[in-house]
Structures are given as C-alpha cells and as structure tokens.
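Inspection log for the structure reproduced underneath, given as structure tokens.
Starting from 1, each residue takes its place in the sequence as its number. What you see is a predicted model; the values in this text were computed from it and never measured.
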Amino acid sequence: MRTPAKGKTAVRQTAAKKLGYIRKNWQLYIFFLMPALLLTVIFKYLPMGGVLIAFEDYNVIDGIFGSEWVGLEYFRRFLSSPDFMNYLMNTLKLSLFGLLWGFPVPIILALLLNRIRLAGIRKKIQLLIYAPNFISVIVLCGMVRMFLSPVGPINQVLGIDTNWMTMPESFRTIYIASGIWQSAGWASIMYTAALSNASKDLEEAAIVDGANIFQQIRYVELPAIKNIIVIQFILQAGNIMSIGFEKAYALQTDMNLPASEILSTYVYKIGLLNGDYGYSTAVGLFNSVINVILLIAVNWVVKKLNEGEGL
C-alpha cells in the first residue's frame, strides 16, 4: 500500500520530469505559442493604448501622443450631464431584469430535459430550443419588429392595432423576452452536460426512499450543477453594464428612446456619428471600470455565501 509520503514523492518526481522536458524543448513551446501570443498582444493589449484618448482632446491628425491633454474633463462632463442618470438606469434595468428573468431559464430547461428518458424525443426538443441561437441579432430584431407591428400577427390575434415598438414601457419586456427566447436553449447545454455527471445511484436511492421530483432535483441534480451555476452567475453579474449594442440599437425608435437609450448606444452616437472620440472613449472607460468593480464585488459576495468557492 502506497503511503502519503511516497505518493507526494512520486508527484514531485513526475513534476520534475515534466519541467525538465519543458526546459530541454523550450524552443518548441515558443514556436507553437508564438502565433497565439502575437495575436493576443496585437489585438488585445496594444489597443488598450487607445484608453489615453479618454483624457485628451483627441485630434486624428495629431494622433494620440500629439493631442492636447484634458485630464478628467470628459468624465466630469459625463457625470454632470442631465442624461447621465437616465442612461445609467436604463442600462442597469435592462441588465438586472435580464439577469433576474433570464438566468434561471437555462437551468430550468436543463432540469426538464434531464427528466425526458427517451433519447429520440430529447434530441428533437434540444434541436428546437437550440435553433434560435443561430439567428443573427439583426434578423431577430427584424422578426420582433414584424411580429409587433400594428398589422403584425400579435395584434391580429389580440384584435388591436398597437405599435408596441413606439412604447417606452414595452421596450424592456420586448428586449428581455426576445433575448431569453434566443439564448436560453443554447445556454442550457452546459447545465445539461453537468447533469450527466449526477450520481445515478443516488438518484435511484432517492426514488426508492420515496423522494418526489422536486426533492430529486434539490438533493441530487442541483448539487451536480452547483459549481457551473456559481461561475455563470458571477460572469453574468460582472457584465451587468455590458449590454450588447447591436440589439438595443436595432430595436430603438425615436419614440422609445427614453427607455432604449443605454450607454453603449450613447457611445456609438457620440463617438462615431458626432466624432467626439475623447468623450465617447471616456464614457466607454467608465462603463468598463464599473464592470470590473461589479465582477470583483459579486465574486467576493458569492465566496462569502458559497463556502469560499468563487470564480
């Protein structure tokens, strides 16, 4: 029988052999890692230098290093803007309500799919709920506009002629519901895969002991996907301020602007349409900083509530 000391020695010897092999053939590792490292540096790290634009009166001709330095002027301008709270609250409401209503749906779908014992029927249902994920955002928004138009099928069924896309109070519901329909099925894949690791013996024992479906889910299936749920919640909660620009902009109309104008669409209009690059970069940087703070805060809270396990 192997003792703990011998086991540790074997692990150390294996690690030493691997390190020796890496040191001996380091050129090979560099050769294969170099393309990925170069792409990461070029497309991920070098563009970070553009953050300087947020502190400059940027001029395309003078460039980043030749433009006049204005410090925190753009941040003060944005925070003192009368529209600041409106854009911030619109962004937070879309994200928080989307997280509240959208996060549990993939978990519920995975649990329901796990209850289907016939593999053929399960595959057909999975194909049906995965399909919306492959519809592009612009096509999805076009479908939403068509269905909710005054002469669309929704109004015809209800016998009314309401133009839902012009109603600010309807925008959040439309945005969140269409997002759930499109992405919930695909997001359930991770939970479905994790459920395959649930103990069958424990499930059979629970059935023999008379546990109902809800008790089986609570004591057998949910513990199997607990870690995946925690990780996904931290990642989604940390991206609360990072709402996709394309969908919000594609569903936006002049009438629903009070609810649909969010930080990302505001940055697009100020930066690309109006050419105020410094100010738009400052707003985008503010958004990114808030995201990082939220990610760290949510991870800390989850660690406290989940026995020290976080991201």
Side-chain angles (χ1 to χ4, degrees), residues 36-99 137-138 141 168 171-172 175 234-301 311:
L37 291 174
L38 285 176
L39 288 173
T40 302
V41 170
I42 293 172
F43 293 104
K44 296 294 184 180
Y45 287 97
L46 289 182
M48 289 183 182
V51 171
L52 291 174
I53 298 175
F55 306 95
E56 299 176 341
D57 184 11
Y58 180 70
N59 186 290
V60 177
I61 298 176
D62 296 331
I64 295 178
F65 299 104
S67 299
E68 181 184 355
W69 187 266
V70 296
L72 300 176
E73 176 61 29
Y74 291 134
F75 294 94
R76 285 192 289 265
R77 173 181 159 191
F78 176 59
L79 294 175
S80 61
S81 169
D83 295 321
F84 164 70
M85 283 305 299
N86 184 38
Y87 299 153
L88 181 62
M89 292 308 297
N90 284 344
T91 305
L92 287 175
K93 286 178 181 178
L94 276 183
S95 295
L96 289 174
F97 290 145
L99 181 64
V137 173
I138 300 302
C141 294
F171 177 80
R172 294 189 188 98
Y175 184 97
I234 293 172
L235 292 176
Q236 292 188 33
N239 287 323
I240 280 179
M241 299 288 288
S242 295
I243 298 181
F245 153 78
E246 298 90 351
K247 186 177 178 182
Y249 189 72
L251 292 177
Q252 199 173 80
T253 64
D254 292 336
M255 300 296 291
N256 65 21
L257 274 179
S260 64
E261 189 75 314
I262 57 177
L263 289 175
S264 58
T265 58
Y266 181 63
V267 168
Y268 168 76
K269 292 176 181 177
I270 295 297
L272 295 182
L273 298 186
N274 296 346
D276 196 346
Y277 302 113
Y279 182 58
S280 63
T281 304
V283 177
L285 181 59
F286 169 81
N287 195 11
S288 300
V289 170
I290 297 299
N291 262 333
V292 172
I293 294 173
L294 286 173
L295 180 62
I296 295 172
V298 171
N299 190 36
W300 181 81
V301 172
L311 187 60

After noting the C-alpha distance and the side-chain angles of Phe171 and Leu94, does the key distance pass the side-chain contact (heavy atoms from CB on, under 4.5 Å) rule? CA-CA 9 Å; Phe171 177 80; Leu94 276 183; 3.9 Å; yes
Sequence neighbours left out, cut at 3.5 Å: what donor-acceptor pairs do the side chains of residues 64-75 make with other protein atoms?
residue : atom : partner : partner atom : Å
Ser67   : OG   : Asn59   : N            : 3.0
Ser67   : OG   : Gly63   : O            : 2.6
Tyr74   : OH   : Glu56   : O            : 3.3

Under 3.5 Å, which donor-acceptor pairs link side chains of residues 258-265 to any protein atom two or more places apart or in another chain?
residue : atom : partner : partner atom : Å
Ser260  : OG   : Asn256  : O            : 2.9
Ser260  : OG   : Asn256  : OD1          : 2.9
Glu261  : OE1  : Gln252  : NE2          : 3.0
Glu261  : OE1  : Thr265  : OG1          : 2.8
Glu261  : OE1  : Lys269  : NZ           : 3.2
Glu261  : OE2  : Lys269  : NZ           : 3.2
Thr265  : OG1  : Ile262  : N            : 3.0
Thr265  : OG1  : Ile262  : O            : 2.9

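One finds the CG atom of Asn274 at 9.5 Å from the OG atom of Ser280 (value rounded to the nearest 0.5 Å). Here the straight-line distance linking atom CG of Asp83 with atom OH of Tyr266 works out to 6.5 Å at 0.5 Å rounding. In this structure, the separation between OH on Tyr268 and OH on Tyr249 is 4.5 Å, given to the nearest 0.5 Å. Here the straight-line distance linking atom CG of Leu92 with atom CD1 of Ile290 works out to 9.0 Å at 0.5 Å rounding. In this structure, Ile296 CD1 and Asn291 CG are separated by 11.0 Å, a value rounded to the nearest 0.5 Å.
For the pair Arg172 and Phe97, the cation-pi criterion (under 6.0 Å, within 45° of the ring axis) is not fulfilled.
Summarising the geometry of Ile234 relative to Val298, their closest heavy-atom pair is CA-CG1, 4.0 Å, with the distance given to 0.1 Å. Here the closest non-hydrogen pair linking Thr281 and Tyr277 is OG1-O, 2.7 Å.
With sequence neighbours left out, the side-chain contact (heavy atoms from CB on, under 4.5 Å) criterion links Met85 to Leu88, Met89. Remark: Tyr175 pairs with no residue by the side chain to side chain donor-acceptor pair (under 3.5 Å) rule, at least two apart or across chains. Among residues two or more places apart in sequence or in another chain, the ring pair (Phe, Tyr, Trp, His ring centres under 6.0 Å) test is passed with Phe84 by Phe78, Phe286. Here Val41 pairs with Leu46 under the side-chain contact (heavy atoms from CB on, under 4.5 Å) rule; sequence neighbours left out.
For the pair Ser81 (side chain) and Arg77 (backbone), a donor-acceptor distance under 3.5 Å is absent.
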